[in-house]
Amino acid sequence: MPTTINDHRSGRATPTRMLEIALIMAISSMLCFAQTSTEYHRTLQVSNEEPAKLHIEIDRADVQVLYDRDGEVSIHGVALAAGEAKLDENYFASVLSIEQAGNEITVRHRLDTAHAAGMPKLSLRINVPYRTEVHTDVQQGTQTLRGLLGPVDVRSRKGDIRASYISKEVHAEVESGSVDLQVIGEPVVAKIGVGNISGQRLEKGIQAETNDGDITLMVVGSSSARVISGTGRIEIGGARGTLTLSTDAGDLTVQAVPHDDWTLHSAMGTIRLRLPQKLSAVVEASTDSGELQVDRDDILKDERNPHSIAGRVGVGGKLVAAHTEKGRIVIQ
Amino acid sequence: MKTMRAIAPTLAVISALTIFSSLALGQKDPGVRGGIQNTGGGLQQQGIPIPHPPVISPNPMTGATINDNELASFLEGILRAGQLESTCDDCADVTDGSPVTGLGELDPMFPQFHTNSNGLGARHNSDQCFSCHAQPTLGGSGGFLVPNPGDKTPRQAENPQFNLIPHRYGRQNAVPSFEKKYGPVREVRFKRKADGTPDGGVHQLWTVRGSTNDKTIPNCALTQPDFEKEYKAGNLAFRIPLQMTGLGLLESIQDREILAQHDATAALRAPLGISGHPNRSGNDGTITRFGWKAQNKSITIFAGEAYNVEMGITNEAFPTATEEDPDCQGPEKPEPNDVVRTDTTDVRNQNFENPLHIMPDWQQFQILMRFTDGPAPDPNPSESAKRGRDTFSRIGCSLCHTPQMQTAPVMNSAVLQNRPVNAFTDLMVHHMGAKLADDITQGQAGGDEFRTTPLWGVGQRIFFMHDGRASDLLQAIRDHHSEATPTYPASEANGVVHKFNRLSPQEQQEILDFLRSL
């Protein structure tokens, strides 16, 4: 016999019926409060007198730290449930903690083991004043930082790092992922286990190192770049200081005016130098076994020594030294 | 006792008069919100950098935020607008693509005290955008700056036109008497030319004569106009710099919205004698809206004009220099100076120095303006300010200072489209009478006509009215009043000012508090 409202109202409730009612109420409650996404928003006031300091410790989330306005730090989080899973409205309270001590703010995210099966996708957008220092430690997730005074120290186990318009030093380390850096005012360090490094307008230069990946740098101050193994390439355009570059089997290409000394090395990759038409420098290029090709009129090869050239070009100047063990050298 | 009874009414009247009098004297502009020491130059003189302009806030209708590319352009714009301009094309301390030897071209920490851009004109009003736009944040209105940037001990902030700009790098400029040490940043227009015909153009204050950082112009002998003579002759009209924040939002308002808002208040305006009309482009007839007389059509035109007129830097929008004396340009300075490089050689497009093709400064500047938020009101206005808002509307201030308009429903930028703009302006020009008239006609704005100044940000401004004549909001309100003369009609604001004057002192104070909350 089906349960009827009248039955319920009549007060003839049995234990089974009560269980049914409890179940219905529980489901209703879940329907009311569970959702496929949930958001979080909090704004903290900070003083203009000192820089803000932001510490971020994240287990798994994409994080953006962006300049917005002075005087406040605002944190906006969005969590999207995986598949058919639901999130309760207290989700953020269970995974995110925010502490403030004066101008120092710490944002921590810890994985909620209760949601381990259907892990929500979490994004955090943190708007900060221009004068903000940032330290991050992210286990997994993309990090984007834009428009900050810095310095910025960004660490990640797995995930890409993008930083642009940072006025002070940037230190980026990631075990697996790529690093892209644009318009950085002070020296940069980028170290990657496996992944690419790219940079533009790094005025005070970069120390870039990847075990396996490409390095592409445009308009950089004194810099060093090293691809430790594999076929990763290095490409440089618009160097504005010293260059110390080395690859393993990957090609190494430089197109720039030699404003300062360059030292280029590859184990097997081709070294390609694209130099301006009116060149003044001292060029030393040598290969252990590969070909040395010169496509310029102002640099003459010594036919008796086809694997090496050394001499002044134009009125001389900074040293451009290139050496490869088994690769080619092309000077254009 | 009888005596007391006899004099009681008199005492009551005296007491009432005393109370009324103290109230009457009591209404007072509360001053720059947050205190002048906490904004712009006040911060700078405490060794605290002037805050950057705020990024445009999320669209309140959709939640859309500035996108990645817009934010990058905005940030690039801050770098460009902060640059300190050198005179010749390649004599900046730091040039784009040059070797880096300590100084940086990417220095966003205003004020720069080494030159990191090129093109300062032979005549100019300033050598840096933010010199005249730094109150209360960079990109704001004109304010004070420390006169000795870069020194360990900052001196008291003052009008940058008093000493900093005219004498930077040894430039030999006489400072006219109307540029006061603690007065407003002023630029100058001449009302009439020497032959008596209308002039109306900007006459730049400074020249590059004597520049110690440019060896290419040793024979520059430019002299400044005789400002004192013209001042005494009543031939000068001053303008002060307004904030450039929020201009992207103003630009995003369609003409139809401006006209609809205007039409909606017609019946209320008529009895008060308020008419108003748009200034319109002579080219396409659409409403122009930027500048004190709404004379400029777009932010892009505004930016191009500012680079050329204020800094003397020619560009694609304004390709001709205001001063072409070859002795003061240097032999290698190209015209226009700040352009997108499309040269076929590597000399100027810097293929080997800088293979990145980037926008010219003036274009980045217009993008910066586009994505800067409007000035933010006090998030916690006082009860007095809240009441003042109602009174402001009730007496008719809002008939011209329209509290809100809406941007176009569909735009290229999601953060700009279909959102309210709380600028407190109708973007119309109005007759303001002889007392405010500057006798300069621009487009369809006549000699006594001015655009309704947007009041957003007025809470943190130091100077008011087009020429900076007032630094007190109460005075600024009263300056809206002007009777008819043979030359000009009465101010359209007279009716509203009359209503303001009839308010109780407390109500007047509430309006002042409201204005300072904006």
Side-chain angles (χ1 to χ4, degrees), chain A residues 39 43 45 47-51 64 66-72 74 76 125 127 129-131 144 146-149 162 164-168 182-186 200-205 218-222 236-242 255-260 274-279 318, chain B residues 34 38-39 42-43 46-58 63 65-66 68 70-79 94-110 116 136-138 245 345-347 350-358 372-373 376 379:
Chain A
E39 295 193 16
T43 298
Q45 303 302 313
S47 161
N48 283 337
E49 293 180 15
E50 298 293 332
Q64 292 180 299
L66 309 175
Y67 168 67
D68 188 63
R69 63 199 59 224
D70 281 274
E72 65 182 44
S74 70
H76 184 217
R125 177 183 172 124
N127 289 334
Y130 165 63
R131 294 172 73 211
T144 305
R146 286 194 200 283
L148 315 176
L149 174 64
R162 295 192 289 258
S164 62
Y165 293 95
I166 310 293
S167 305
K168 290 192 174 180
Q182 297 188 24
V183 196
I184 312 291
E186 294 291 333
Q200 290 188 354
R201 297 169 69 195
L202 310 179
E203 194 170 54
K204 299 291 173 68
M218 293 288 164
V219 192
V220 290
S222 291
I236 309 286
R240 300 168 60 185
T242 60
Q255 173 173 315
V257 179
H259 287 297
D260 213 324
R274 294 190 178 124
L275 301 168
Q277 205 167 12
K278 287 184 180 175
L279 175 66
K318 299 299 180 184
Chain B
N38 287 320
T39 53
L43 288 172
Q46 299 170 61
I48 301 168
I50 301 173
H52 279 192
V55 174
I56 190 166
S57 53
T65 56
I66 186 170
D68 266 7
E70 290 166 343
L71 180 58
S73 288
F74 171 91
L75 295 169
E76 181 70 28
I78 293 177
L79 291 181
V94 185
T95 56
D96 189 31
S98 71
V100 175
T101 54
L103 299 174
E105 74 194 31
L106 305 176
D107 184 358
M109 191 63 87
F110 180 88
N116 54 354
T137 67
L138 299 180
T245 49
T345 72
D346 295 336
V347 176
Q350 301 182 324
N351 192 24
F352 284 87
E353 302 274 23
N354 185 350
L356 304 173
H357 293 275
I358 49 180
T372 301
D373 208 12

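All chains are named by letter (A, B, ...) in the order of the sequence lines, taking the proteins before the strands, and each is independently numbered beginning at 1. Side chains are part of it too, since the values below use all heavy atoms of this structure and drop only hydrogens, waters and symmetry mates.
- Within the 4.5 angstrom heavy-atom criterion, no atom of A/Gln182 approaches chain B.
- Only the side chain of B/Leu71 comes within contact range of chain A, with at least one heavy atom under 4.5 Å from a heavy atom of that chain.
- The shortest distance between side-chain heavy atoms of A/Val183 and B/Leu79 falls below 4.5 Å.
- Only the side chain of B/Asp373 comes within contact range of chain A, with heavy atoms under 4.5 Å apart.
- Counting heavy atoms from C-beta on, the side chains of A/Arg131 and B/Ile48 come closer than 4.5 Å.
- For the pair B/Pro51 and A/Asp70, the tightest heavy-atom approach, listed with the atom from each and the gap, is CB-OD2, 3.2 Å.
- No part of B/Thr137 comes within reach of chain A, as not one of its non-hydrogen atoms sits under 4.5 angstrom from that chain.
- Looking at residues two or more places apart in sequence or on another chain, you find no salt bridge (charged side-chain N to carboxylate O under 4.0 Å, His left out) involving A/Arg125.
- Most heavy-atom pairs under 4.5 Å with chain A: of the set B/Ile56, B/Val55, B/Thr65, this distinction falls to B/Val55.
- Counting non-hydrogen atoms of neighbouring residues, nucleotides and ligands closer than 6.0 angstrom, the CD atom of A/Glu49 reaches no more than 12 such neighbours.
- Remark: A/Tyr67 engages no residue in a side chain to side chain donor-acceptor pair (under 3.5 Å) (not counting sequence neighbours).
- To the nearest 0.5 angstrom, B/Leu75 atom CG is 10.0 Å from A/Tyr130 atom OH.
- A distance of 9.5 Å separates CG in A/Leu66 from CD1 in B/Ile66, rounded to the nearest 0.5 Å.
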